[in-house]
Amino acid sequence: GVWPGLGLGGDAVAWLVRGSSVALVAGLAVTAWRGRHAPRARLWLIAATFVLTLLLSPLSWKGHHVALLPVVLLLLERAVATRSRAVIAALAGWWLCCSLPGGDLVGDAMDEWLNSVYVVTLWDVALLLMALRLANSAAREHRDAAPFGELAQ
């Protein structure tokens, strides 16, 4: 029931991976530039960078859950502080789909199947996009709160 590469040919998958990788790195770079003066944005960007490393390198998947801790903990803090239903739903969805069905609970075969049908990858992309969105938001809040003279520096 698993179609490697979404059923696409090897060349198409290679270009899809290259294009999406460049787009994600560019998104992180643009967000980092916008948030370079906002301490809260930099915190989200560090967490987003850990998630991006998972998406760019299969070698980093050994520490998958460890690399996601910063973004998950920041989202948990955000959910508690704002009582945001969207953030709470995202965290619950991630936990139910990616963390709860680990190899110890459902077996290695199920864990590998979840990776094969891109469930884990899609949730990682969702966490990355949320972190980038919140970094942009933090940069905008910092810019709006800064005194006029501070922005010119």
Side-chain angles (χ1 to χ4, degrees), residues 2-82 84-99 111-153:
V2 176
W3 299 277
L6 297 171
L8 301 171
D11 288 340
V13 170
W15 282 107
L16 181 66
V17 168
R18 288 179 191 127
S20 59
S21 296
V22 167
L24 292 173
V25 170
L28 183 72
V30 168
T31 304
W33 180 258
R34 287 181 184 159
R36 67 190 180 280
H37 298 298
R40 187 72 181 172
R42 288 193 302 258
L43 190 59
W44 281 107
L45 287 162
I46 290 168
T49 302
F50 285 129
V51 179
L52 184 60
T53 61
L54 291 173
L55 294 167
L56 295 178
S57 172
L59 297 175
S60 62
W61 279 69
K62 286 273 186 205
H64 184 262
H65 287 83
V66 174
L68 291 180
L69 278 176
V71 75
V72 169
L73 291 175
L74 282 171
L75 286 170
L76 185 60
E77 184 265 338
R78 175 81 177 196
V80 169
T82 64
S84 168
R85 290 184 181 173
V87 175
I88 293 168
L91 283 171
W94 170 80
W95 186 75
L96 287 171
C97 292
C98 300
S99 188
D111 192 34
E112 288 301 317
W113 183 80
L114 285 170
N115 287 331
S116 297
V117 295
Y118 311 106
V119 169
V120 175
T121 302
L122 292 175
W123 275 103
D124 287 353
V125 169
L127 291 174
L128 174 63
L129 294 177
M130 287 184 76
L132 292 178
R133 184 175 132 303
L134 291 167
N136 274 316
S137 176
R140 197 170 31 258
E141 288 171 10
H142 180 78
R143 213 173 21 254
D144 291 346
F148 181 71
E150 197 175 295
L151 291 176
Q153 295 178 354

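Not measured: the values here are computed from a predicted model. Values below: every heavy atom of this structure, side chains too, minus hydrogens, waters and symmetry copies.
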Let me confirm one number: the [atom1]-[atom2] distance from [X] to [Y], rounded to the nearest 0.5 Å.
| X | Y | atom1 | atom2 | value |
| --- | --- | --- | --- | --- |
| Ser21 | Leu52 | OG | CG | 8.0 Å |
| Arg34 | Thr31 | CZ | OG1 | 6.0 Å |
| Asp124 | Thr53 | CG | OG1 | 9.5 Å |
| Trp123 | Met130 | CH2 | CE | 8.5 Å |

Problem - Verdict with reasoning, Glu77 to Val87, per side-chain contact (heavy atoms from CB on, under 4.5 Å) - result: CA-CA 10 Å; Glu77 184 265 338; Val87 175; over 6 Å; no
Closest heavy-atom contact between [X] and [Y]?
| X | Y | result |
| --- | --- | --- |
| Ala67 | Pro70 | O-CD, 3.4 Å |
| Trp44 | Leu134 | CH2-CD1, 3.4 Å |
| Gly27 | Leu132 | C-CD1, 4.3 Å |
| Ala139 | Ala38 | CA-CB, 3.8 Å |
| Val71 | Leu127 | CG2-O, 4.1 Å |
| Val25 | Leu56 | CG2-CD1, 3.8 Å |

Practice task
Look at atom CZ of Arg36 and say whether more than 12 heavy atoms of other residues, nucleotides or ligands are closer to it than 6.0 Å.
Solution key: yes
Problem - Under 3.5 Å donor-acceptor, Thr49 side chain and Leu45 backbone - result: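 Yes, the answer is positive, given that a donor and an acceptor are paired below the 3.5 Å cut-off.
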